[in-house]
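See structure below.
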There are 2 protein chains.
Amino acid sequence: MQRKSFSGMNCSIARSLEEVGEWWSLLIVREMTQGMNRFDQFQKELGIARNILTARLERLTELGIVERYPLPDRASTEGYRLTPKGEDLYPVLLAMLRWGNRYKVDEPPLQLVHKSCGHNIDPLMVCNGCKEELHRRELRAYFTETAW
Amino acid sequence: MQRKSFSGMNCSIARSLEEVGEWWSLLIVREMTQGMNRFDQFQKELGIARNILTARLERLTELGIVERYPLPDRASTEGYRLTPKGEDLYPVLLAMLRWGNRYKVDEPPLQLVHKSCGHNIDPLMVCNGCKEELHRRELRAYFTETAW
DNA sequence: CAGTATCCTCGAGGATACTG
DNA sequence: CAGTATCCTCGAGGATACTG
């Protein structure tokens, strides 16, 4: 990103985008949530250029979103997997999945099932206090009015 | 995006990124959730180049995320605001805000308050059925295993 | 104030051949 | 199989002067 530094923007969303707001990053993370863990799997699955994949994996590793680990079956190589920080991107993926499903009627939306309760999932963003769904007008920012 | 078409990817996340996965788009949407509605406000607030802002607003409008509307106070010009489709990006912003707050300890995280219950919010992604927080291992995709 | 027009930079991404 | 190396394209983004 050749944009001027956005770290000074004091905005968590801008900072998040700085780390994973680039196309392939989130898709790689998605693959990892699906259990993909090897270079060629990502490459084949996503159709990404090999050099770019190398660069993305390096960056995600630097940022602590991805880590290497020894593959149990194949002694020679290491796989990639999400760190806790990476796992924590799951809600972002869910939110995007939901939105994408909702506004792309041309393709059948993918339905997710919650194993523990059996429910078809429409992921909901709720307040951890009252468990009510969050809507933007019901929120107030704590320190400033406009900066997130 | 000069990537080959990702519409064939059959992945809601990819399709979402296709629409708003570009840096400025989500930040513009964020500004709109904060009530910003005029060209120069976005430009000044975000520090985005004017021609780029024009392009982004056009694209967001084409995609049905943003719409024009007559400004009540100033008769001559129209403002920009989110459509329902645009408003529905709110959970995505919340998920990113949460993640950004969580992993950027150097800056004081912005706290959100839920007006209706007074709680400090840590937005939670829950199952709409059982209201339990969603974790990736508890989900099963309905049609295919790997495609989201 | 809300853009449009012009010109420029540069990095993200692609393609592909090669290597331990 | 997991990359690295090379070379290339092109569009996103910036800066800035101008206009109704």
Side-chain angles (χ1 to χ4, degrees), chain A residues 1-9 14 17-29 31-32 35-63 66-81, chain B residues 1-9 14 17-29 31-32 35-63 66-81:
Chain A
M1 319 201 165
Q2 80 282 35
R3 306 168 192 95
K4 44 190 168 176
S5 171
F6 284 98
S7 33
M9 224 171 170
L17 288 171
E18 193 82 56
E19 298 204 355
V20 292
E22 166 281 331
W23 233 87
W24 288 121
S25 298
L26 269 182
L27 291 180
I28 293 171
V29 169
E31 292 304 313
M32 292 191 192
M36 303 281 109
N37 55 10
R38 293 199 343 272
F39 188 91
D40 274 28
Q41 285 181 316
F42 301 131
Q43 201 277 316
K44 197 172 175 185
E45 203 69 33
L46 296 173
I48 183 177
R50 305 177 76 78
N51 53 348
I52 300 301
L53 177 55
T54 301
R56 286 291 145 270
L57 287 171
E58 266 170 15
R59 175 150 174 77
L60 288 170
T61 305
E62 277 169 23
L63 292 169
V66 161
E67 65 186 0
R68 311 298 307 261
Y69 71 110
L71 289 172
D73 40 335
R74 41 182 80 232
S76 56
T77 30
E78 295 192 300
Y80 295 91
R81 70 178 169 198
Chain B
M1 318 201 168
Q2 80 282 36
R3 305 168 192 95
K4 45 190 166 178
S5 170
F6 284 98
S7 31
M9 224 173 172
L17 288 170
E18 194 83 55
E19 299 204 356
V20 292
E22 166 282 331
W23 233 87
W24 288 120
S25 297
L26 269 183
L27 291 180
I28 293 171
V29 170
E31 292 302 314
M32 291 191 192
M36 302 282 107
N37 56 8
R38 293 199 343 273
F39 189 90
D40 274 28
Q41 284 181 316
F42 301 131
Q43 200 278 318
K44 197 172 176 187
E45 203 68 35
L46 296 172
I48 183 177
R50 305 177 76 78
N51 52 349
I52 300 301
L53 178 55
T54 300
R56 286 291 145 268
L57 287 170
E58 265 169 16
R59 175 149 175 77
L60 289 170
T61 305
E62 276 168 25
L63 292 169
V66 160
E67 65 187 2
R68 310 300 306 261
Y69 72 109
L71 289 172
D73 41 336
R74 41 182 79 230
S76 57
T77 32
E78 294 193 300
Y80 296 91
R81 70 177 168 200

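Every chain is numbered from 1 and lettered A, B, ... according to where its sequence line falls, protein lines coming before strand lines.
Pairing each heavy atom of L57(A) with each of M32(A), the nearest pair is CD2-CE, 3.8 Å. Of all the heavy atoms in L53(A) and F42(A), the pair that sits closest is CD2-CB, 3.8 Å.
Remark: E58(A) pairs with no residue by the salt bridge (Lys or Arg N to Asp or Glu O under 4.0 Å) rule, at least two apart or across chains. Applying the side-chain hydrogen bond (donor to acceptor under 3.5 Å, both in side chains) rule to N51(B) yields no partners; only residues at least two apart in sequence or on another chain are considered. Applying the side-chain hydrogen bond (donor to acceptor under 3.5 Å, both in side chains) test to E67(A) and every residue at least two apart in sequence or in another chain returns R81(A). Here R59(B) pairs with nothing under the side-chain hydrogen bond (donor to acceptor under 3.5 Å, both in side chains) rule; sequence neighbours left out.
Within 4.0 Å (heavy atoms only), R68(B) reaches sugar-phosphate atoms of the nucleic acid but no base atom. Among the atoms of the strands shown, only primed sugar atoms or phosphate atoms (P, OP1, OP2) are found under 4.0 Å from some heavy atom of Y80(A).
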Please list each protein N or O that sits under 3.5 Å from an N or O in nucleotides 18-20 of chain D, with the distance.
none

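Rounded to an integer number of Å, the gap from L17(B) CG to dG13(C) C1' is 15 Å. Atom CZ in R56(B) sits roughly 14 Å away from atom P in dT4(C) (whole-Å rounding). We find that CG of N37(A) is positioned 13 Å from C1' of dC1(D), with the value rounded to whole Å. Look at CD on Q43(A): it is 13 Å from C1' on dG13(C), rounded to the nearest Å. The distance from atom CH2 of W23(A) to atom P of dG13(D) is 15 Å, rounded to the nearest whole Å. Here dA15(C) presents its P atom at 14 Å from CG of L46(A), a figure rounded to the nearest Å. Between K44(A) atom NZ and dG3(D) atom P there is a gap of 17 Å when expressed in whole angstrom units. Counting to the nearest Å, the C1' atom of dC1(D) and the CG atom of L53(A) are 13 Å from each other.
OP1 or OP2 of dG3(C) has not a single side-chain nitrogen or oxygen of T54(B) nearer than 4.0 Å.
Comparing dG13(D), dC1(D), dC1(C) by their closest approach to the side chain of D40(A) singles out dC1(D). In this structure, of dG3(C), dA2(D), dG14(C), it is dG14(C) that holds the atom nearest to the side chain of W24(A). Picking from dG3(C), dC1(C), dG13(C) the nucleotide with the shortest atom distance to the side chain of F39(B) gives dG3(C).
Stacking of R38(A) on the aromatic ring of Y80(A) is not recorded, the 6.0 Å distance cut-off and the 45° axial limit not both being met.
Residue R56(B) forms a salt bridge (Lys or Arg N to Asp or Glu O under 4.0 Å) with just one option from E31(B), E62(B), E22(B), and that option is E22(B).
With hydrogens and angles disregarded, no donor-acceptor distance shorter than 3.5 Å links the side chain of S25(A) to the backbone of G21(A). One N or O on the side chain of Q41(A) and one on the backbone of N37(A) form a donor-acceptor pair closer than 3.5 Å.
Donor-acceptor pairing under 3.5 Å, judged by distance alone, is present between the side chain of N51(B) and the base of dG14(D).
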What dot-bracket string describes DNA chain D from 5' to 3', counting Watson-Crick and G-U wobble pairs whose defining distances are under 3.5 Å, with [ ] for crossing pairs and | for pairs to another strand?
-> ||||||||||||||||||||

